[in-house]
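Below is one structure, written out as structure tokens; the observations come after it.
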Amino acid sequence: MAHIVVLGAGLGGSIMAYELADQIGKGDRITVVTKDPKYHFVPSNPWVAVGWRERDDITIDLAPTMAKKGIAFVTTAAERLHPEENRLELVDGTSIDYDYIVIATGPELAFDEIEGLGPHGGFTQSVCHIDHALQARIAFEALLKNPGPVVIGAVQGASCYGPAYEFCFILETALRRAKIRDKVPMTFVTSEPYVGHLGLDGVGDTKGLLESEMRNKHIKWMTSTKVKKVEDGQMTVEEINDDGTSKGEKVLPFAFSMMLPAFRGIKPLMGIEGLSNPRGFTLVDQHQQNPKFKNIFAVGVCVAIPPMGPTPVPCGVPKTGFMIESMVTATAHNIGQILRGEAPSNVGTWNAVCLADFGDSGIAFVAQPQIPPRNVNWSSSGKWVHLAKIGFEKYFMRKIRKGTSEPYYEAAAMKMLGIDKLKAVTKG
């Protein structure tokens with residue numbers, strides 16, 4: 001009789017619990033621990049920021065689904081993980097003992113690492129959380145009334161570039177629909193060495209496709225750029241040459257700015273030797289298992305992945321939705337094997353399948369695996385991507401609401417496309 005705790009209930013944590021429910025034996029139990037009882041479909045946050053979605057449109061109350069699946073659901077934030085004691089301490093002073101724990105917390109947003117960055121006392125907006133997106137909408141509505149320059153992008157150390165591109169183009173579409181695009185100069189500022197790098201050294205022709213979109217929509221861009229500080233209405237940035245020397249600093253005025261921050265691990269996991277790296281991300285092997293604490297697994301953005309290679313300005317590696325789902329499936333199957341007395345053998349493919357919406361068109365790409373060299377390296381663009389993103393939003397939220405990780409028709413469709421979640425599966 002094993003007790004498995006899942007820490008976090010976002011994209012990774014929620015489907016982790018659902019998949020585990022199909023792997024555990026009679027008498028085993030699952031507890032999900034989360035500080036937020038509601039699931040928010042994060043990919044829709046850019047739409048929320050321009051008023052195309054409301055909070056309720058992308059929010060699911062997880063408690064009824066967890067109860068239906070027989071999963072205990074604790075809505076109290078973690079204070080500290082004590083891996084030597086197999087104990088998770090909560091902020092209310094209570095503790096939960098576990099036999100196995102899956103860390104699926106997502107990241108902490110490191111706005112504080114740059115002066116003036118972020119919506120919490122800073123001067124830039126964010127679409128990383130539904131609350132941020134709603135705050136960004138207020139700033140967007142102010143921009144509609146008083147148009148001016150816009151600066152969008154991702155700062156040094158960021159590891160999630162897709163939403164920055166998405167929001168940039170969605171905002172551009174919203175401004176055109178409001179018939180004020182001609183009054184809003186737009187600049188995209190990124191730590192990437194080139195447009196479309198995405199922390200992945202590009203996928204297919206993402207460089208050409210994204211540069212073309214920016215040219216066609218009159219969006220200027222700055223690459224290999226550090227954000228030095230942000231003040232009310234202006235951002236100081238520094239462009240870096242390929243050899244690491246400075247091209248000099250510039251001050252960019254803005255009436256509205258949305259900049260994605262760098263990520264780090266959450267405080268309850270920070271500084272635990274053998275568990276976390278210096279940024280607080282959880283160390284795992286190919287089976288999603290921590291090398292030191294064998295009863296600890298991790299999935300999603302909280303997993304430590306080294307950068308693709310040296311770049312003039314630090315760029316992290318993104319953990320895309322399908323990549324996270326492959327981590328989840330591997331972890332669920334591996335824990336199931338361990339519970340049956342077997343050695344874990346499942347390895348996630350870490351494939352990337354992405355639909356980047358631009359408001360009326362978009363770019364899609366498939367990278368198998370996400371990290372080069374790849375077996376598949378494909379990208380495409382068109383209006384179909386926008387429609388596909390809407391369809392995916394509805395489908396994925398229905399999946400979360402029903403407590404289903406992968407319906408048979410999704411598995412069949414992915415198999416037809418040659419996209420698998422696992423590299424190796426052991427019968428058991």
Side-chain angles (χ1 to χ4, degrees), residues 107-118 122-124 126 128 149 151-165 168 186-211 214-215 219-231 234-254 257-265 270 276-281 283 301 303-320 352 367 370-374 377:
E108 181 177 276
L109 306 174
F111 293 114
D112 60 298
E113 293 181 345
I114 298 175
E115 180 185 345
L117 187 73
F123 303 101
T124 61
S126 163
C128 295
V151 178
I152 307 295
V155 307
Q156 57 269 27
S159 58
C160 188
Y161 297 93
Y165 286 103
C168 183
M186 297 183 70
T187 304
F188 189 82
V189 174
T190 180
S191 55
E192 301 161 273
Y194 58 84
V195 167
H197 180 278
L198 302 170
L200 298 170
D201 200 12
V203 181
D205 189 29
T206 50
K207 181 179 188 292
L209 290 171
L210 285 166
E211 282 190 356
M214 288 196 172
R215 288 191 185 95
I219 300 170
K220 297 180 180 179
W221 65 82
M222 299 175 66
T223 56
S224 294
T225 300
K226 292 182 179 179
V227 177
K228 304 290 287 186
K229 66 177 180 179
V230 186
E231 300 167 280
Q234 64 178 37
M235 182 183 300
T236 302
V237 301
E238 180 184 20
E239 292 181 278
I240 305 298
N241 290 307
D242 289 345
D243 62 2
T245 59
S246 175
K247 290 183 182 180
E249 295 185 358
K250 292 182 180 179
V251 175
L252 304 177
F254 65 83
S257 177
M258 195 293 296
M259 297 294 293
L260 298 181
F263 292 165
R264 61 185 172 223
M270 194 74 74
S276 307
N277 71 6
R279 290 288 290 177
F281 294 112
L283 302 168
V301 180
V303 169
I305 301 178
M308 297 292 303
T311 52
V313 178
C315 293
V317 176
K319 291 93 171 182
T320 60
Q370 175 163 299
I371 299 171
R374 302 183 178 113
N377 191 43

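FYI, the numbering just counts along the sequence from 1. This is a predicted model, so every value here is computed, not measured.
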Is the shortest heavy-atom distance from the side chain of [X] to the side chain of [Y] under 4.5 Å?
X	Y	result
Val230	Phe254	yes
Tyr161	His197	no
Leu252	Pro149	no

If you look at every heavy atom in [X] and [Y], which pair is closest and at what distance?
X	Y	value
Tyr194	Gly202	OH-N, 3.3 Å
Asp112	Leu109	OD1-O, 4.5 Å
Val155	Met259	CG1-CE, 4.0 Å
Gly118	Thr124	N-OG1, 2.7 Å
Pro261	Cys128	CD-SG, 3.8 Å
Ser224	Pro193	OG-CA, 3.4 Å

When you check the gap from the basic side-chain N to the acidic O, do Arg264 and Glu108 get nearer than 4.0 Å?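 Between Glu108 and Arg264 there is a salt bridge, with a charged N closer than 4.0 Å to a carboxylate O.
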What distance separates [X] [atom1] from [Y] [atom2], expressed to the nearest 0.5 Å?
X	Y	atom1	atom2	answer
Ser159	Leu198	OG	CG	12.0 Å
Glu238	Lys229	CD	NZ	13.0 Å
Glu115	Phe123	CD	CZ	8.5 Å
Ser246	Asn241	OG	CG	7.5 Å
Asn277	Met270	CG	CE	9.0 Å
Phe188	Thr225	CZ	OG1	10.5 Å

Any donor-acceptor pair under 3.5 Å linking the side chain of Ser257 with the backbone of Val151?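 Between the backbone of Val151 and the side chain of Ser257 there is a qualifying donor-acceptor contact (under 3.5 Å).
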Given 3.5 Å as the limit, does a donor-acceptor pair link the side chain of Glu192 with the main chain of Gly199, or not? no
Which residue pairs satisfy the salt bridge (Lys or Arg N to Asp or Glu O under 4.0 Å) criterion with at least one member in residues 197-211, sequence neighbours excluded?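 For residues 197-211: Lys207-Glu211, Glu211-Arg215.
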For the pair Gln156 and Ile114, evaluate side-chain contact (heavy atoms from CB on, under 4.5 Å) and give the outcome as yes or no after the intermediate values. CA-CA 10 Å; Gln156 57 269 27; Ile114 298 175; 3.7 Å; yes
With sequence neighbours excluded, tell me which residues meet side-chain contact (heavy atoms from CB on, under 4.5 Å) with [X].
X	result
Gln234	Glu231, Val251
Ala352	Thr320, Phe365, Ala367, Gln370
Asp242	Pro312
Thr223	Thr190, Val195, Trp221

For Ile305 and Ile371, what are the C-alpha separation, side-chain angles and deciding distance, and is it a side-chain contact (heavy atoms from CB on, under 4.5 Å)? CA-CA 10 Å; Ile305 301 178; Ile371 299 171; 4.1 Å; yes
Test of understanding: with salt bridge (Lys or Arg N to Asp or Glu O under 4.0 Å), list the residues that count as partners of Arg374, not counting sequence neighbours. none
Distance-only side-chain donor-acceptor flag, Glu249 / Thr236, under 3.5 Å: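 The answer is no; no qualifying pair exists.
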